[in-house]
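Scroll down for the structure; my scribbles are underneath it.
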Amino acid sequence: QVPLVESGGGFVQAGGSLRLSCAASRRIITSYTMAWFRQAPGKGREFLAAINRRDFNTYYADSVKGRFTMSRDNAKNTVYLQMNSLTPEDTAVYYCAAGTPDVITISTMNITDEYDYWGQGTQVTVSS
């Protein structure tokens, strides 16, 4: 069983919006720090946002703060990434990740190696 499954990617024009979903087991959704990353062609994986299991706060990268919103629905065992005001620079494969809160801290939540589980990714393409 794949631990994390993303959906919601697709094509959108600049200025548009998309909402990504990441479905997981209840154990992961409620016990792990959940995060979103993205990887554009030829670039490394970039941290976007995380819901920290230690303090239940949501943290954002400066590049998406004010445009992207991460949320969690425990009843549906799903985390979301609402993306607004998209630009062609947001074109990438978007990944959901989960990591143990005993390991991940506020200062390390942007580090890919800190995460235990990854989804398969969902492609987002923003046209100009």
Side-chain angles (χ1 to χ4, degrees):
Q1 182 179 2
V2 179
L4 303 175
V5 179
E6 302 100 334
S7 61
F11 292 88
V12 64
Q13 288 188 332
S17 299
L18 281 175
R19 188 178 77 159
L20 306 182
S21 300
C22 173
S25 69
R26 182 162 186 81
R27 177 181 68 88
I28 288 179
I29 288 292
T30 59
S31 302
Y32 282 65
T33 287
M34 303 297 297
W36 286 97
F37 288 75
R38 68 185 177 189
Q39 188 164 15
K43 296 187 177 181
R45 202 160 289 191
E46 177 190 12
F47 169 79
L48 300 176
I51 295 178
N52 191 320
R53 180 58 180 82
R54 292 190 179 197
D55 59 13
F56 300 101
N57 289 328
T58 306
Y59 297 85
Y60 296 95
D62 289 341
S63 60
V64 302
K65 198 175 296 183
R67 296 191 303 125
F68 291 9
T69 301
M70 183 176 181
S71 61
R72 181 176 67 189
D73 187 336
N74 288 347
K76 296 183 178 180
N77 297 333
T78 302
V79 294
Y80 301 97
L81 186 68
Q82 176 67 42
M83 306 186 295
N84 300 326
S85 303
L86 288 163
T87 73
E89 288 69 37
D90 294 314
T91 295
V93 178
Y94 284 70
Y95 296 92
C96 178
T100 56
D102 290 344
V103 173
I104 298 176
T105 66
I106 294 174
S107 60
T108 65
M109 64 175 59
N110 62 328
I111 300 173
T112 57
D113 288 347
E114 298 291 297
Y115 291 85
D116 302 305
Y117 300 107
W118 291 86
Q120 81 286 355
T122 184
Q123 176 71 46
V124 171
T125 303
V126 185
S127 63
S128 58

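Just so you know, residue 1 is the first one in the sequence shown, and it goes up from there. What's counted below: heavy atoms across the whole structure, side chains too, no hydrogens, waters or symmetry copies.
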Does any non-hydrogen side-chain atom of [Y] lie less than 4.5 Å from one of [X]?
{"X": "Cys96", "Y": "Val79", "answer": "yes"}
{"X": "Tyr94", "Y": "Met83", "answer": "yes"}
{"X": "Thr112", "Y": "Phe47", "answer": "no"}
{"X": "Glu89", "Y": "Val126", "answer": "no"}
{"X": "Glu6", "Y": "Gln120", "answer": "yes"}

Quiz item: Applying salt bridge (Lys or Arg N to Asp or Glu O under 4.0 Å), which residue pairs with at least one partner in residues 39-57 are found, sequence neighbours left out?
Solution: Arg38-Glu46
Self-check item: Flag for Asn84-Ser17: side-chain donor and acceptor within less than 3.5 Å
Solution: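 Indeed, the side chains of Ser17 and Asn84 share at least one donor-acceptor pair under 3.5 Å.
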With rounding to the nearest 0.5 Å, note down the distance linking [atom1] in [X] to [atom2] in [Y].
{"X": "Ile51", "Y": "Thr58", "atom1": "CD1", "atom2": "OG1", "answer": "4.5 Å"}
{"X": "Thr33", "Y": "Asp116", "atom1": "OG1", "atom2": "CG", "answer": "10.0 Å"}
{"X": "Ile29", "Y": "Arg72", "atom1": "CD1", "atom2": "CZ", "answer": "7.5 Å"}

Self-check item: Partners passing ring pair (Phe, Tyr, Trp, His ring centres under 6.0 Å) against Tyr32 (at least two apart in sequence or in another chain)
Solution: Tyr117
Quiz item: Who pairs with Tyr80 by ring pair (Phe, Tyr, Trp, His ring centres under 6.0 Å), at least two apart in sequence or on another chain?
Solution: none
Quiz item: Is the Phe37-Tyr95 ring centre distance short of 6.0 angstrom?
Solution: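 They do not qualify: ring centres at least 6.0 Å apart.
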